[in-house]
Amino acid sequence: LRYPLHPRLAVLIEEAARQGIGPMGCEAAAILSERDIVPTQERDAAPRATSASDLEDRIDLLHAARSSRGHAQQLDRGALDPGSMHAVKRLANQLQGLLPAKARNENNPEAATTALRRSLLAAYPDHVAQRRGQSDLLLQAQGGEIRLSPLSAVHKAPWLVALNAA
């Protein structure tokens, strides 16, 4: 494979590039490979917001942190772990450098969310899970049952790709 990563993450990047969001696929793979950019104490202290995707939230934080003002504000509040942010940015940049030239630009920014979700599904088809009612219990595609982390912001999605990130 072209990428020095777990094969599933390489599939994520390849599919993201095919979907026209190669750089975002590299960011997602970097986020899933490294320690969480949101420190545990910040996640514990934050109110339980609702979101469609914890990974997409991390990508949004990464993009917001690219502006020097936004990054400084997030770091000052302790909302981002500087070491993890540095590691994620470094890995994402390295992976983007390995993309084929035609995949280095995002060709489809308006459909990026759907493309990222399709890319995750291609990489982790066996991690699809269905929520059991309104609880945090998830029934996995292969039949096991898992509990969604209380730190997750995904409270309402009936179906999701459940990953245990670094």
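Atom CD1 in Ile13 sits 15.0 Å away from atom CZ in Arg18 (nearest 0.5 Å). Atom CG of Asp136 and atom OG of Ser149 lie 8.5 Å apart (nearest 0.5 Å). Note that CZ of Arg147 is 13.0 Å distant from OG of Ser152, once rounded to the nearest 0.5 Å. With rounding to the nearest 0.5 angstrom, the SG atom of Cys26 is 9.5 Å from the CG atom of Asn93. Between Arg118 atom CZ and Ile21 atom CD1 the span is 10.5 Å, to the nearest 0.5 Å. The CG atom of Leu12 sits 12.0 Å away from the NE2 atom of His6 when rounded to the nearest 0.5 Å.
Residues Ala30 and Leu95 come closest through the heavy atom pair N-CD1, 4.4 Å. Contact detail for Arg117 and Ala52: the closest heavy-atom pair is NH2-CB, 3.3 Å. Minimum interatomic distance between Arg104 and Gly97 (heavy atoms only, all atoms of both residues): NH2-O, 2.8 Å. Minimum heavy-atom separation, Ala129 to Ala162: CB-CB, 4.4 Å. In terms of heavy-atom proximity, Leu98 sits nearest to Pro4 at CD1-CD, 3.6 Å. Between Gln142 and Asp126 the shortest heavy-atom distance is OE1-O, 2.7 Å.
Ion pairing of Glu27 with Lys89 is absent here, as no side-chain N (NZ or NE/NH1/NH2) approaches a carboxylate O to less than 4.0 Å.
Under the side-chain contact (heavy atoms from CB on, under 4.5 Å) criterion, Glu145 pairs with Arg132, Leu137, not counting sequence neighbours.
At a cut-off of 3.5 Å, with distance as the only test, no side-chain donor of Gln134 or His155 sits close to an acceptor on the other residue.
Val128 and Leu139 fall into different hydrophobic clusters, where Ile, Leu, Val, Met, Phe, Trp and Tyr are joined by side-chain heavy atoms under 4.5 Å apart, directly or via other members.
Residues His127 and Arg8 meet the side-chain proximity criterion, which asks for heavy atoms closer than 4.5 Å.
Put simply, the side chain of Arg131 never gets that close to the backbone of Trp159: no donor and acceptor are under 3.5 Å apart. One N or O on the side chain of Asp54 and one on the backbone of Ala153 form a donor-acceptor pair closer than 3.5 Å. At least one donor-acceptor pair closer than 3.5 Å links the side chain of Ser119 to the backbone N or O of Ala16. The backbone N or O of Pro23 sits less than 3.5 Å from a side-chain atom of Gln96, completing a donor-acceptor pair.
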- Task: Run the numbers on Tyr124 and Leu9 for side chain to side chain contact (heavy atoms under 4.5 Å, CB included), then give the verdict.
- Result: CA-CA 9 Å; Tyr124 296 94; Leu9 295 173; 3.4 Å; yes
- Query: Passes side chain to side chain contact (heavy atoms under 4.5 Å, CB included), Asp81 versus Arg35? Steps please.
  - Reply: CA-CA 9 Å; Asp81 180 280; Arg35 226 178 39 237; 3.1 Å; yes
- Message: side chain to side chain contact (heavy atoms under 4.5 Å, CB included), that's the test. Do Met24 and Ile59 meet it? Break it down for me.
- Response: CA-CA 8 Å; Met24 184 182 283; Ile59 291 171; 4.1 Å; yes
- Could you go through the side chain to side chain contact (heavy atoms under 4.5 Å, CB included) check for Ser33 and Leu91 one step at a time? CA-CA 9 Å; Ser33 296; Leu91 181 56; 3.7 Å; yes
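Residue Leu32 is tested with Val88, Leu163, Leu5 for a side-chain contact (heavy atoms from CB on, under 4.5 Å); the sole match is Leu163.
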